[in-house]
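The structure appears below as structure tokens.
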Amino acid sequence: MSQTTAAVSPGKSVWDGGTSPMGVSYGKLMMWFFLMSDAFTFSGLLITYGMVRSSNPAYIGPVKDFFFATTHWPIPEKVYDAIPFVHGIELPLVFVGFMTFVLIMSSVTMVLAVEAGHRMDRQAVEKWMLWTILGGLTFLSCQAWEWTHFIIGSGEGTPMSEVVNGQWVQRIVQGANLHENQYGPPAFADFFFFITGFHGFHVFSGVLFNWLIYYNAATGVYDRRGHYEMVEKVGLYWHFVDLVWVFVFTFFYLV
Amino acid sequence: MTHQEPQIVVLPPNKEKIKKLWRVALILLLVTMGEFIIAFTLPHGPAKTFLFVILTIVKAGYIVGEFMHLKYEVKVLFWSVLIPMIFIAWMLVAFVYEGTKIVTY
């Protein structure tokens, strides 16, 4: 849409002014550079996770004999093995797989909204924006359940040793908070809260932006403006949120 | 004061483009399902992690290239976004390597 073919007079380069050398509008270019800075922020979080994880001992032995303890880093598929409304059945990574599916699908509906915007098709933009918002809200609801489950904890809890008044005392730890958790070293839960929380906040603000775009499209703002470029800009942000989730999924839930 | 609404021409859906977008979505879902299968079949270790990283970069390529349309932008923009990512690769290698040298327990 904003692809402007730079008409350059002979003897001048695209950088001499009057044209857009990057071939995109100011707003879109700034969105790209903002997303780059955001990529560095998320990388900082994920790489710190990698560093702390590699500084902790890994569990050695067959997966079926795995047990939670502060002395080794947990295997993710043993932590995330529950789905809502079903109790006592181990379904490792099924729920987070569903969340990934939801986010990828909402990225598809977003790109369809962008395509509709190129054609000035207001009704199609409204339809696909609503689907995208629905996908975002579904993802957030799933995450709310996952956090609740993570915080409350599952099973009988884990006996953890600690020193109280110079004595080693065993205590059952149930659930997770920033100080301790039943799944492993305290840093494990800290990273879970920070990384999925920071991503979840991006999804939340993305849903708000998407709603704004839907509202503006529905009230004819972009028809009057003559183009739907705002859908593209917010679309970039929404795809980026999906992109980050792809990395969080790999490094937090699979590896 | 009367306001003249501009004439809006709605074009028909670009069937070919939409089909291509759904194909990209299918690839993303298939790769994710592949990762899911690998997670439960291969033993934990560096080889598995490496495979996951490769598959993740494939998915990231499709999202950034097709969905975010970067593949079809001007080359200057393409490289301006991509080249700084070298710093992330370096940060990853440096910090994870350092991590293996720290003993926290």
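Protein chains get the first letters and strands the later ones, always in sequence-line order, with residue 1 at the start of each.
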Could you walk me through whether B/V53 and A/F247 satisfy the side chain to side chain contact (heavy atoms under 4.5 Å, CB included) test, starting with their C-alpha distance in whole Å, then the side-chain angles of each, then the deciding distance to 0.1 Å, before giving a yes or no?
CA-CA 9 Å; B/V53 170; A/F247 282 91; over 6 Å; no
Given the options B/T49, B/L55, B/L92, which has more heavy-atom pairs under 4.5 Å with chain A than any of the others?
B/L92
Go through the atoms of A/W245 and report whether side chain, backbone, both or neither lie under 4.5 Å from a heavy atom of chain B.
neither
Please flag which part of A/M105 lies under 4.5 Å from any non-hydrogen atom of chain B: side chain, backbone, both or neither.
side chain
Per-residue tally against chain A (heavy atom, under 4.5 Å) across B/L21, B/V81, B/I18, B/L28 peaks at B/V81
Bottom line for A/L46: the part with an atom under 4.5 Å from chain B's heavy atoms is neither
Which region of B/V24, side chain (C-beta onward) or backbone (N, CA, C, O), has a non-hydrogen atom less than 4.5 Å from a non-hydrogen atom of chain A, or is it both or neither?
neither
With heavy-atom distances below 4.5 Å as the criterion, would you say the side chains of A/M22 and B/K75 are in contact?
no
NZ of B/K17 to CZ of A/R119, rounded to nearest 0.5 Å, is 9.0 Å
Could you look at B/P12 and say if it's the side chain, the backbone, both or neither that has a heavy atom under 4.5 Å from chain A?
backbone
Shortest non-hydrogen pair, A/G23 vs B/V74, comes out as CA-CG2, 3.8 Å
Would you please name every residue forming a ring-ring contact (aromatic ring centres under 6.0 Å, His included) with A/F251, sequence neighbours left out?
none
Using only atom types and a distance under 3.5 Å, with no angle test, would you say the side chain of A/E115 pairs donor to acceptor with the backbone of B/N14?
yes
Side chain to side chain, B/M68 and A/W32, heavy atoms closer than 4.5 Å:
yes
Sort A/Y49 into side chain, backbone, both or neither according to what part of it lies under 4.5 angstrom from a heavy atom of chain B.
neither
Using non-hydrogen atoms only, which part of B/F40 is less than 4.5 Å away from chain A: side chain, backbone, both, or neither?
side chain
Any side-chain heavy-atom pair of B/V64 and A/F240 under 4.5 Å:
no
Show your working on side chain to side chain contact (heavy atoms under 4.5 Å, CB included) between A/Q123 and B/V10 and close with a plain yes or no.
CA-CA 10 Å; A/Q123 274 188 329; B/V10 177; over 6 Å; no
Starting at OG1 of B/T100, measure out to CG of A/N56 and round the result to the nearest 0.5 Å.
12.5 Å
State whether the number of non-hydrogen atoms from other residues, nucleotides or ligands found under 6.0 Å of A/F194 atom CZ is greater than 12.
no
Between B/A25, B/P43, B/P13, the one whose heavy-atom pairs under 4.5 Å with chain A are most numerous
B/P13
Do A/M36 and B/M85 have side-chain heavy atoms sitting under 4.5 Å apart?
yes
Can you list the steps and then say if A/E232 with B/H69 is a side chain to side chain contact (heavy atoms under 4.5 Å, CB included)?
CA-CA 10 Å; A/E232 280 182 57; B/H69 213 258; over 6 Å; no
Side-chain contact test, heavy atoms from C-beta onward, threshold under 4.5 Å: evaluate it for B/E35 versus A/F249 and give yes or no.
yes
In terms of heavy-atom proximity below 4.5 Å to chain B, should A/V63 be classed as side chain, backbone, both, or neither?
side chain
For B/I88, which atoms come within 4.5 Å of any heavy atom of chain A: side chain, backbone, both, or neither?
both
Are there over 12 heavy-atom neighbours, none belonging to B/L30, within less than 6.0 Å of that residue's CG?
yes
Steps toward side chain to side chain contact (heavy atoms under 4.5 Å, CB included) verdict (B/W22, A/L112):
CA-CA 9 Å; B/W22 280 108; A/L112 288 170; 3.7 Å; yes
Chain B contacts, top residue of A/P92, A/S54, A/S43 (heavy-atom pairs, under 4.5 Å):
A/S54
Are side-chain heavy atoms of B/K48 and A/L254 found at a separation under 4.5 Å?
no
Are the side chains of B/L11 and A/M120 in contact, using a 4.5 Å heavy-atom criterion?
no
Could you check which of B/T56, B/T32, B/I57 has the highest count of heavy-atom pairs closer than 4.5 Å to chain A?
B/T56
